Amino acid sequence: MGGQRLALLLISLCLQFHFNRSLNPFSACIPNTPCQCHLTAHSFTFLNCSQTLTDLPIFHSQNVINVTRLMARNAFVGWPLQLCKYSKIQILDLSGSNLNSSLVDFSCLRHLIHVNLSRTQLTQIPEFGLNASQHLQILDLSNNRIKQINAGHFRSMVNLMSLFLQNNPIGLIEHLEELFHLPHLESMNLISSEDRVLIQPSITSKQWMDVAQLWSSTKRSFVLRLRNIPFQSLLPTPTASSAPISNDAMKIILTALLDSTVVTPSTNRHCQCTELRGYQRLFSSLDLMKKYSSALFESATCLMPDGVTHARLFDRRTHIDLRCPSLGRKNFFSLLAAPSTASLLSATAYSALSSIVILLFSQY
Ligand SMILES: *[C@@H]1O[C@H](CO)[C@@H](O)[C@H](O)[C@H]1NC(C)=O
Ligand SMILES: *[C@@H]1O[C@H](CO)[C@@H](O)[C@H](O)[C@H]1NC(C)=O
């Protein structure tokens, strides 16, 4: 280690000279590594290091102070301790490096705006502290080995706009509602590589009402990407008597989440007539042209009784296919569904007939 530090120091001296003269933007910069470097007044870029670098070189104290952009993809074998010396960094890309979660510490960098830590073997959300959080707008933690997240970690990132966490084996998300409160968050990708993802504790109706109030005053639209979390477990059923959530609040939430995808391929969440009615009514009352081709409409599903078909949660046809009774026509349908009547009709004729009847009655 000491030997390498000395080498880095010597190289730094040579590089200073080299950079002052060189016209070729990229040049070999660190012996015994394949690294190519390019240093300008405000930006420092490494190429082709292939995870051979143990630390960041310090070329010249003036450079260190001026650099605001550091691009070092696939560069490091560990956390670069000298990173703190580049205290003005705003844009930092360490993706593809091999970082040890417990050593990663950004609290020394108080100007960070864009941080890319994709594919860095992280097992937990790194420490940013208050200093490093406050200006952060884009954070990429995708393609790591993070198994659980507590969304409270992001609370101090009050300027965060995009959060990428996809392709982590996330099995547990705690306090998801914290993310909905970040005032500038526009998109977050939480698509886990795990088949089962738990949200704990589940978001209460009261918390959703607070979110709705916040979103209504700021006209939020929010792109959320989820997989293996049923939409029905994210939001309380609109008709549930135990956990009421007002229709107005539901409309605000659905409108804000219209471009989101909540894919539930492995869920065993079955389609239930009582739930479907509530969801579909609310959805059809959203006054937006694109609602029936929206990402949310396409992705939110429930499982039909055959155990195979995923039907659209917000689609009226699911209600019909499930032969759900229409409200106020209960007597008629119980008559139609009675075995004595049904036995007179072939299965297909019965199903076709009941669909037509339900169609007629659902044109209210
Ligand atoms: C990095 O390596 C690739 C292929 O290994 C090569 O094509 C490219 O020119 C190298 N970049 C620099 C700046 O040397
Ligand atoms: C992060 O870096 C990876 C490449 O290592 C790139 O594909 C990805 O787009 C970057 N993410 C952001 C948000 O810039």
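Below, all heavy atoms of this structure are taken into account, side chains as well, without hydrogens, waters or symmetry copies. Just so you know, ligand 1 is whichever comes first in the structure, and atom 1 is the first atom listed for that ligand. Keep in mind the model is a prediction, meaning the values are calculated, not measured.
Using a 4.0 Å cut-off to heavy atoms of S95, the atoms of ligand 2 that qualify are 2 (O), 4 (C), 5 (O). Numbered from 1 in the order shown, with element, the atoms of ligand 2 that lie under 4.0 Å from a heavy atom of F164 read 13 (C).
Defined by atom type and a distance below 3.5 Å, a donor-acceptor pair is present between the side-chain atoms of N144 and T120. Side chains of E177 and H175: a donor-acceptor N/O pair is present below 3.5 angstrom, by distance only.
In this structure, H135 and H111 have parallel ring planes: the angle between them is below the 30° cut-off, well short of the 60° mark.
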Can L296 and T261 be said to form a side-chain contact (heavy atoms from CB on, under 4.5 Å), step by step? CA-CA 5 Å; L296 188 64; T261 52; over 6 Å; no
For ring-ring contact (aromatic ring centres under 6.0 Å, His included), just list the numbers for F154 and F128, CA-CA rounded to whole Å, side-chain angles, deciding distance to a tenth of an Å, and then say yes or no. CA-CA 9 Å; F154 305 100; F128 280 84; 8.5 Å; no
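At least one N or O atom of R119 sits closer than 3.5 Å to an N or O atom of ligand 2.
You'll find the ring centres of F314 and Y292 outside the 6.0 Å limit.
Residues lining ligand 1 at a heavy-atom distance below 4.0 Å are given as F26, Q36, L47, N48, ordered by chain and residue number.
A salt bridge links E275 with R269; the closest basic N to acidic carboxylate O contact falls under 4.0 Å.
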